[in-house]
Amino acid sequence: MYVWLKGEEFKMLKLSKRSKIIVFILFILYSIIVLVPFLNIVMNSFKNLSEIFLAPFSPPTQLRWENYREAWSKANLGIGYLNSLIISSFSVIGILIISSMMAFILSRYRFPLRRALYLYIIAGLAFPARLAIIPIFLMLRDVGLLNSRLGLILLYIGTGVPFSVFLLKNFLDEVPGELEESAQIDGASPWTIFRKIDLPLIKPALVVVAIVNFVSVWNDFFFPLILISDRSKETIPLAVSVFYGEYANQWHLLSTALWLAVVPIMVIYAFMSREFISGMTQGAVK
Amino acid sequence: MKIKWFDLLLFILPAFFLYTIFVVYPFISSIYLSLFNWVGVGAKKYVGLKNFFDVLFGSFKGEFFNAFWHNIYFFTLVSIIEVSLGFIIALGLATQIKGYHIFRSIVYLPNVISMVLVGFIWGLILNPQIGLVNQFLKVIGLGSFTRPWLGDPSLAFNTIIAVNIWRHLGFYVLVMLAAIINIQPDFIEAAYIDGASNWDIVKNVIIPLTIPTAQTLILLLFIWSFSVFELVYALEGVQAGPFRSTDVLGTLFYRTAFGGLGSGRMDLGLGAAIVTLMFIVILPISFIYVRLVERRRI
């Protein structure tokens, strides 16, 4: 399943030296297009307004760290970070536990309706959960979980199930189940087999599932927009969007807040790009 | 292996329960709600298929089809550009160029950034007076090409599509790259030995063997095209201006169900009817996709 990321010693097309240089230059240009927007907000975050307007391409003349202090407090980023961290972490923990249990059963045991159950779960891959927001909103409202971190966490766990079960089950399917068979003959309970044998076995896939879900929950804007109106419960994207509406022409502060909002994910990505890429691209398609 | 029913249920119920409550039930309930007029509080009023009539043939027809065709236009343009450009860039990466690992990471980078924040960042860059794009055009002497990228009704939606491509292209590049790398190297080696040119190999080996992946991507893009929301929200607001020229079903639905000044009508039942129609449109594609996922054991 992860073959292409492990075995990168492939050689597909052989190019002449000149073509290689052209391809290289094209990739440099592409990289510039990707990186310029980030560079722009970083530079703006150290400038004041008139520098941004009058010298958009020049580097900042001095590092105005006061922008960071101001943007941090005015955009409610402290609260935003805390909420995003709580919601993302608990969602990921919940998803890991219940999805690995489900995947374990689907992969290791044979029972009636097994295929139907699997189809039922992966059907969720093909329907964007946000389309069903109206009943989600009403349901959470009726049980008093509107404007609540717990409500969001439960929702994210539920919507994270299809992808996570799918990925973990397929990972497990590729590992032979002989250890489990002999453990069962020795009288081990399913719970023991799951904890002692299968969980350690699927660790690499659990890391991928954790990262993919963490990022998608951390980045989500749609559900908080509809389910959260209390400013003490807002997540990072929601906090920035409120700030964006209020300080529309304070570009130095907007840029700083945007930069502060994207930088944690970029740092994690810098260290774990392999896991990011493997999870996010293999989940959906082959 | 065998397992007792009790143990089995213990393992599957938590995921089954939360998934059913938060994904399956809301879809079914949306269909049910589409038969009512309701503002969310008070009594629901049963109206049968009237909401659907309003949306498809009645007073809401104009707004609905305006948004619907934008979604279809979005899907068409984005699938052609992202899949073909993604393939070409993947070919570039597959030549094992210098800096392959760094380029691969940079290409994918925009995908890890929150969609709505991508919208806000580009909102600054595309500002007509002081945004980087128009400033840059002036600096290099192409001042006549400056445009109000987001303010001109004939340009705004294409601009949003361009930002969307900036955000997503890396995903398509890496999926196509995975498909290319999965090809048996022997095939290509043998073709080289027979004297095939690079172009022959791309045309006769790589394209035929990566078409199934491209097809799957297009299926997914069709489904995803109906959940477009954040970029329009961030760049044009819920009114999807200028003059609704960037309105998509996501923003129309949001205005209808959850308000927003100037919405034609606010009604959860009408919103549910819009969602139900979206659901019906993507259903056949979703069905094909789920069967592919199950059979191919991706």
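Computed from a predicted model, the values in this text were never measured in an experiment. In what follows, chains carry the letters A, B, and so on, assigned in the order in which the sequence lines appear, proteins first and then strands, with residues in each chain numbered from 1.
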Per-residue contact mode, [X] against chain A (heavy atom under 4.5 angstrom):
X	result
Phe16(B)	both
Thr20(B)	both
Val116(B)	side chain
Ile97(B)	side chain
Ile201(B)	side chain
Val24(B)	side chain
Phe253(B)	side chain
Val205(B)	neither
Ile106(B)	both
Ile180(B)	both
Leu249(B)	neither
Ile282(B)	side chain

Stepwise ring pair (Phe, Tyr, Trp, His ring centres under 6.0 Å) check, Phe22(B) with Tyr156(A): CA-CA 9 Å; Phe22(B) 284 107; Tyr156(A) 285 134; 9.8 Å; no
Distance from [X] atom [atom1] to [Y] atom [atom2], nearest 0.5 Å?
X	Y	atom1	atom2	answer
Leu277(B)	Leu131(A)	CG	CG	11.5 Å
Met139(A)	Ile21(B)	CE	CD1	6.0 Å
His101(B)	Arg274(A)	NE2	CZ	5.5 Å
Leu155(A)	Leu18(B)	CG	CG	10.0 Å
Gln135(B)	Ile52(A)	CD	CD1	11.0 Å
Leu109(B)	Phe276(A)	CG	CZ	10.0 Å

Donor-acceptor contact below 3.5 Å, side chain [X] vs main chain [Y]:
X	Y	result
Arg141(A)	Gly40(B)	yes
Tyr109(A)	Leu8(B)	no
Arg130(A)	Ser227(B)	yes
Trp166(B)	Ile33(A)	yes

Check the orientation of [X] and [Y]. Use parallel for under 30°, tilted for 30 to 60°, and perpendicular for over 60°.
X	Y	result
Phe120(B)	Tyr244(A)	parallel
Phe103(B)	Phe24(A)	perpendicular
Tyr19(B)	Tyr120(A)	perpendicular
Phe279(B)	Phe127(A)	tilted

Best-contacting candidate, Val202(B), Leu10(B), Ile12(B), against chain A by heavy atom pairs under 4.5 angstrom: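 The answer is Ile12(B).
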With chain B as the partner, which of [options] has the greatest number of non-hydrogen pairs under 4.5 Å?
options	answer
Phe53(A), Tyr30(A), Trp251(A), Tyr118(A)	Trp251(A)
Val215(A), Val23(A), Asp220(A), Ile236(A)	Val23(A)
Ile157(A), Leu254(A), Asn40(A)	Asn40(A)
Ser99(A), Ala129(A), Ala123(A)	Ala123(A)
Ile95(A), Ile193(A), Val165(A), Ile136(A)	Ile136(A)
Ile265(A), Leu225(A), Thr159(A), Val36(A)	Leu225(A)

Identify which part of [X] has an atom lying under 4.5 Å from any heavy atom of chain B, answering side chain, backbone, both or neither.
X	value
Leu154(A)	both
Gln184(A)	side chain
Phe222(A)	both
Trp191(A)	both
Ile121(A)	both

Nearest atoms (heavy-atom pairs only) where Phe27(B) meets Pro128(A): CZ-O, 3.5 Å
Ring-face cation of Lys14(A) near Tyr192(B) (centre distance under 6.0 Å, axis angle within 45°):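 Flagged: Lys14(A) positioned over aromatic ring of Tyr192(B).
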Heavy atoms of other groups near Ile22(A) CD1, more than 12 under 6.0 Å: yes
Ile140(B), CD1 atom: more than 12 neighbouring heavy atoms under 6.0 Å: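 Atom CD1 in Ile140(B) is packed in, count exceeds 12.
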Salt bridge (charged side-chain N to carboxylate O under 4.0 Å, His left out) partners of Arg110(A), counting only residues at least two apart: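 Arg110(A): no salt bridge (charged side-chain N to carboxylate O under 4.0 Å, His left out) contacts found.
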Listed once per pair and sorted, the salt bridge (charged side-chain N to carboxylate O under 4.0 Å, His left out) pairs that draw on residues 6-24 of chain B, sequence neighbours left out: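 Every candidate salt bridge (charged side-chain N to carboxylate O under 4.0 Å, His left out) pair involving residues 6-24 of chain B fails, so no pair, neighbours aside, qualifies.
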Derivation and outcome, side chain to side chain contact (heavy atoms under 4.5 Å, CB included), residues Met115(B) and Asn219(A): CA-CA 7 Å; Met115(B) 201 64 182; Asn219(A) 282 344; over 6 Å; no
Distance-only polar pair, side chains of Ser241(A) and Tyr233(B), donor-acceptor under 3.5 Å: no
Verdict with supporting geometry, Tyr254(B) and Ile226(A), side chain to side chain contact (heavy atoms under 4.5 Å, CB included): CA-CA 9 Å; Tyr254(B) 178 81; Ile226(A) 288 171; 3.7 Å; yes
